[in-house]
Amino acid sequence: MIDLKQLTIKKLADMYRSKEATVSDVVDAYLAEIEKKNPELNAYLEIYDDVKAQAEEAQKRIDAGESGELIGIPVAVKDNILIKGKRVGSASKILENYVGSYDAFVIEKLKKEGVVFLGRTNMDEFAMGGSTENSAYGVTKNPHDVARVAGGSSGGSAVAVGGDLALAALGSDTGGSIRQPASFCNAVGLKPTYGSVSRSGLMAMGSSLDVIGPIAKTVTDTELLFTAIKGKDSLDSTSHDGAWSEKRESKKVIGVPRDFTNIEGIDPDVKENFEQSLEKMKSLGYEIRDVSMPTMPLSLAVYYILMPAEVSSNLSRFDGVKYGLHVDGKDLIEDYFKTRGEGFGKEARRRILVGTYVLSSGYYDAYYRKAVMVRNKIKKEFEAVFKEVDAIALPTSPTPAFNIGEKSDPLSLYLADIFTVSANIAGVPGISLPAGFVEREGKELPVGFQLLGSHNREDILFACGKDFLGE
Ligand code: GLN
């Protein structure tokens, strides 16, 4: 029997080499677990029909003596990342029956590494949300308490990892969608530096904010996956090879923006957990230093102007002609209205409306242009602080996983993104680390500790993360 709970990528790679397990054994164990748990958790929307064949291919490479640590590693993929020939739909009705016509850059890379793709995971429609309640295919439930949300928008991917339905997963993060669900499901989630991972083959939400990243059980595993998927791609002009702006060694200083972490709305025990995480870092030899980032709290307002603006533009391609769903009206204009009206869920329509509004000629200056100006200020604030600290610590989320249906008011859900969006606004990397549990209604719920780094300094986040987590 393979103990999936204890398994990591590192361990499994060793097991394959010492012939303790075959790829098929491991894949079968995951498929059995998925069959048992997925009907309730709804982490996967689909298990691919060629998983066993992929496992056999990977086994051949291991038997031939290939050394890559990702060969035969079972990975789940968020439903907004294209795999050639496989259904993909951003959990939206408008893309029902849509099949990917090419491999995303990250998929191409992972195929070369020999990864086994188990299936595609549930998410908020077009990655818009923080609870996976906005999926057209039902909510994903939290394995720690099935009355609660998985987080989102990469909720299915986080549950796959946290619930032992995959060894690792890919998600996407526009304003926290990797880090927040990872924190709700006791996993490690990395939002890489903007552009360090190509967006080719990722369905666009907010193009200046989106990035693909890994969710895994340990920092070491997260690093392995990040190393495999990063790099410049000619199909994404914003991608780069991640050169450091300055070669500065880590001095083990962590900054805490106190005016921000002391805000109202954060649960007292989550705050307490955050302070304990800082204490832990201190005991590991880190200096904890208060830093001033007065513009940072505006990140949320800036995000909820820039993101919908980009959403409204990106989703205009779904017109009932080029992709997926088509609903007939009496003329072309009515085709558009009907297709988009029926195909998009409520939240997608809401954001398209807000985005169109902030970009409209009468309001562009008041909203969009102002938000861009504040964004630049926030970026500068990060740059200044990273001259004196290696990482900035924040809670990942102000609360643990909340009850399904609890945040039906969209604004209350938006507020929950308070600690994650600034990394996307500034384009810097962020990692959420499992940091223990708080109790709610008799259940132990995971809490995340978040560290943000300077552009392209994922290496520092990994070093701090390994110190914090021990692996
Ligand atoms: N929760 C945020 C939102 O709803 C973040 C989404 C994301 O990162 N894709 O916009």
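Computed from a predicted structure; not experimentally measured. Whatever order the structure lists ligands and atoms in, that order sets their numbers, starting from 1.
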Test side-chain hydrogen bond (donor to acceptor under 3.5 Å, both in side chains) on Thr238 and Arg199 and set out the steps.
CA-CA 9 Å; Thr238 62; Arg199 287 176 292 117; 2.9 Å; yes

Given side-chain hydrogen bond (donor to acceptor under 3.5 Å, both in side chains), test Lys78 with Asn122 step by step and report yes or no.
CA-CA 7 Å; Lys78 188 175 180 178; Asn122 201 13; over 6 Å; no

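Between the side chains of Arg457 and Thr193, no donor-acceptor pair of N or O atoms lies under 3.5 Å. Side chain to side chain, Ser177 and Ser153 meet the donor-acceptor criterion of an N or O pair below 3.5 Å.
Under the 4.5 Å side-chain criterion, counting only non-hydrogen atoms from C-beta, Tyr48 is in contact with Arg120.
Ligand 1 is surrounded by Ala127, Met128, Gly129, Gly130, Ser153, Asp173, Thr174, Gly175, Gly176, Ser177, Met205, Tyr303, Tyr304, Met307, Arg351, Asp417, each with at least one heavy atom closer than 4.0 Å.
Ring geometry, Tyr323 versus Tyr98: the interplanar angle exceeds 60°, so the pair is classed perpendicular (tilted spans 30 to 60°).
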